[in-house]
Amino acid sequence: MNPADHTLFDQFSDSMLIAALQTSSDATAIYINEDLLIRFANDAMLSIWGKDKTIIGKTLAAALPELEGQPFIAILQRVWHTGLTYSVSDTPASLVVDGILQEFYFDFEYRAIQDQSGRTLCIIHTTKDVTQRRAHLLRIAEKEAEEQALNEEMAATMEELTSTNEELNRSFVDLADSREKLRTLIAQAPVGICVLQGPEHIIDIANEQILKIWGRTEQDVIGKIHELARPELAGQPMLAWLEKVFQTGEPRINRELRVNLYTPNGTREAVVNSMYQPIRSSRGEITGILCILEEITEQMAARAAHDKNQQMLKMAIEAGELATFYYESATNTFSGNALLKAWFGLSEDEQIDLSNALDVIVSEDRERVIKAISAALNGEQDGHYEIEYQVQTPGQQARTLQALGKVFYDLAGNPTSLNGTLRDVTEQKKDEQRKDDFIGMVSHEMKTPVTSLKAYLQLIKRNAIQNDDVWLGSTSDKALKQIGYMTSMINGFLNVSRLESGKMAIDYSHFDAQELFSELENELSANIHTHRLSFIEGGALPVYGDREKLAQVIKNLVGNAAKYSPVGSTITVGYKRSAKDELVMWVEDQGMGIAEEDQPHIFERYYRVKNTNMGSIAGFGIGLYLCKEIIDRHSGSIEVESEPEKGSRFKVTLPINTQPMS
């Protein structure tokens, strides 16, 4: 080693390297013997471990006894003996950021640092957050807190660097016996480090990280004057700062500094954190500068994108007048944004026990909400939460809320929180009720004149037959057919009215599905002449349910199939017993199909698919709604599989032997 190197190592210290590692935003720890004695752990690593600096100097097993029975200590000892690096990439972790559970990804690495003889000197343990930040639909209220926390974290890191400068200067002379170890540690440090010697700032050491940031190789810069080796810095303030640090001995810290860095095709703009630390001899003379550099360009771009997405999400939530909520199952606490707190009568910064939030829900809905929350947390419905209920605070009118939510889980698959949105549908429900009341009243009033009109038309048809009046007979047949359509429509509206008022009864009885489908085949074949009907029977199958209403479901589905499929195409109707001992019924057509975005809504009341190909096809969007309600009241399910221009398949699944719903 040349005399200049001896001078450098006389001036360098282990603590200065520790300060260098402290600047990293990555979690870093160093173990220095086979028993994994902790020599160093930065704030980020301590935060992950949930410990403080009192663990420095302890073995990993003593500092973290909870690792017993886990593989990490054994892996680290294997790395110590073999010198082989152990890395794990893209490991997922669910973390709470600003009170909202989000998914992040980490890279882990255990790297052995060895001397020239292959003897392990230490192990560097690094953890890096590699998450691509993405917008989240919830927890917008904590955005300001997230930014504040990020700023405080950066400020704390810089403050820690500043506070260690004095310790670095006191410790330089103690590194004479650690020259090789020090050079190796600098070379493999996770942040950029270089050492500039003398007043000309000759580049003496530059590790791989800083060379990557500079866009240079060792051959380009080692042994050269810094200003000449990096001409791209001309016109930028860094050269003047280095000179000032060397002359005054005052360190310089830069946070989120924008610089132009070299590339083979010119320069690129980057964002860095940097520190310039004077190096002093044992006599106190400044002999060089330690430069620590960390590029945070990608992190800044990700934060800007995150802020933009969060702002857009906030605007969307505000425009949609949505309340956001979160429930943490471990602490049983419930809270949300300002709108939710207004609806639940909470103060601006209040988190409450879930039971207190449930007290605001009206008594007749409270048990349903409790069951829905429990079902979501227990993994039912894939962790989704969807329900409507009413809340009422003292002195206020009852408010109807529509809740949508999703459960988040930890790495072990345990539920940690239920997050979601609430929408005030009070006026919507009132509008629907007024519509139902009006339709029910009009439909009821129309029944009598329509019945009379049907009777008159039947008399006209009878006279036409007696008088052999072919035209009048044909015309009366067509009129009676239209009266039939109108009667069916009126009955549908009346069924909706009865359903909403709780007056639609399910009349359970035992019947044979084979007999029911035989009757349906005869009736539908006699009434539908525009399509080919194909019935697939599943043999005798006893069922317990409302025979007439289940027949109404099949008729409705077949009627829709005829309405929305080409004349002459085939409509397939069938039933069978499933492997789970259930009744499965289906209606399949070759029609226009249903767009994917419409499929989740087609069973909603009054929902009509928006399709220009439908032309003048009549309908009010109540048929499928009634079908679903009838099937729901049989404790069954109805679903659709459809592809535009290829047709649709509606499938109904019912328990064969069910009991009436209470």
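Excluded from the calculations below are hydrogen atoms, water molecules and symmetry mates; all remaining heavy atoms, backbone and side chain alike, are included.
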Proximity of Phe334 and Phe344 rings by center, below 6.0 Å = yes
key: Leu418 and Phe325, any side-chain heavy atoms less than 4.5 Å apart   = yes
query = Are side-chain heavy atoms of Leu520 and Leu516 found at a separation under 4.5 Å?
reply = yes
ask   = So does Glu596 have more than 12 non-hydrogen atoms from other groups sitting under 6.0 Å from CD?
value = no
request  = State whether a side-chain donor-acceptor pair under 3.5 Å links Arg532 with Thr570.
outcome  = yes
message = Rounded at 0.5 Å granularity, tell me how far SG in Cys627 sits from CD in Gln552.
response = 7.0 Å
task = Using the side chain to side chain contact (heavy atoms under 4.5 Å, CB included) rule, take Leu654 and Tyr544 through it: C-alpha gap first, then chi angles, then the decisive distance, then the call.
result = CA-CA 10 Å; Leu654 295 172; Tyr544 186 64; over 6 Å; no
task = Calculate, to the nearest 0.5 Å, the distance between atoms CG and CG belonging to Leu354 and Asn332 respectively.
result = 5.0 Å
key: Donor-acceptor pair between Asn419 and Tyr327 side chains, under 3.5 angstrom   = no
inquiry  = Do Tyr564 and Asp589 have side chains that approach each other closer than 4.5 Å (heavy atoms only, starting at C-beta)?
reply    = no
ask   = Ile554 versus Leu550: any side-chain heavy-atom pair under 4.5 Å?
value = no
query = Which is it for Ile602 and Ile594 under the side chain to side chain contact (heavy atoms under 4.5 Å, CB included) test, yes or no, and what are the steps along the way?
reply = CA-CA 9 Å; Ile602 60 172; Ile594 303 168; 3.9 Å; yes
key: Criterion side chain to side chain donor-acceptor pair (under 3.5 Å) on Asp359 and Ser355, from CA distance to verdict   = CA-CA 6 Å; Asp359 288 342; Ser355 60; 5.5 Å; no
ask   = What class does the angle between the rings of Phe650 and Phe603 fall in, given that below 30° is parallel, 30 to 60° is tilted and above 60° is perpendicular?
value = perpendicular
key: Residue pair Ile528 / Val558, side-chain heavy-atom distance below 4.5 Å   = yes
query = So do the side chains of Ile630 and His634 get within less than 4.5 Å of each other, counting heavy atoms only?
reply = yes
query = Does CD belonging to Glu597 count more than 12 external heavy atoms closer than 6.0 Å?
reply = yes
ask   = Counting only heavy atoms not in Gln392, do more than 12 sit closer than 6.0 Å to its CD atom?
value = yes
ask   = Just by distance, with hydrogens left out, do Gln590 and Ser565 show a side-chain donor and acceptor under 3.5 Å apart?
value = no
query = How far apart are the C-alpha atoms of Lys555 and Glu523, what are their side-chain angles, what is the distance that settles it, and do they pass the salt bridge (charged side-chain N to carboxylate O under 4.0 Å, His left out) test?
reply = CA-CA 9 Å; Lys555 292 177 185 178; Glu523 180 180 347; 3.1 Å; yes
request  = Could you tell me whether a side-chain N or O of Arg649 sits under 3.5 Å from a main-chain N or O of Glu588, the two making a donor and an acceptor?
outcome  = no
ask   = Can you check whether Glu388 reaches Arg423 side chain to side chain, under 4.5 Å on heavy atoms?
value = no
request  = Output the distance between atom CG (Leu422) and atom CH2 (Trp343), rounded to the nearest 0.5 Å.
outcome  = 6.5 Å
inquiry  = Set out, in order, the CA-CA distance, both residues' side-chain angles and the distance that settles side chain to side chain contact (heavy atoms under 4.5 Å, CB included) for Glu256 and Gln299, then state yes or no.
reply    = CA-CA 10 Å; Glu256 297 184 7; Gln299 293 93 318; over 6 Å; no
ask   = Is there side-chain contact between Phe535 and Ile571, with heavy atoms separated by less than 4.5 Å?
value = no
ask   = Do any N or O atoms from the side chain of Asp382 and from the backbone of His384 form a donor-acceptor pair under 3.5 angstrom?
value = no
key: Verdict with supporting geometry, Glu582 and Arg577, side chain to side chain contact (heavy atoms under 4.5 Å, CB included)   = CA-CA 6 Å; Glu582 297 170 321; Arg577 182 195 295 266; over 6 Å; no
query = To the nearest 0.5 Å, what is the distance between NZ (Lys563) and NE2 (His531)?
reply = 12.0 Å
inquiry  = Please evaluate residues Phe517 and Tyr575 with respect to the criterion ring-ring contact (aromatic ring centres under 6.0 Å, His included), reporting the C-alpha separation (whole Å), side-chain torsions for both, the decisive distance (0.1 Å), and the verdict.
reply    = CA-CA 8 Å; Phe517 272 77; Tyr575 74 95; 4.7 Å; yes
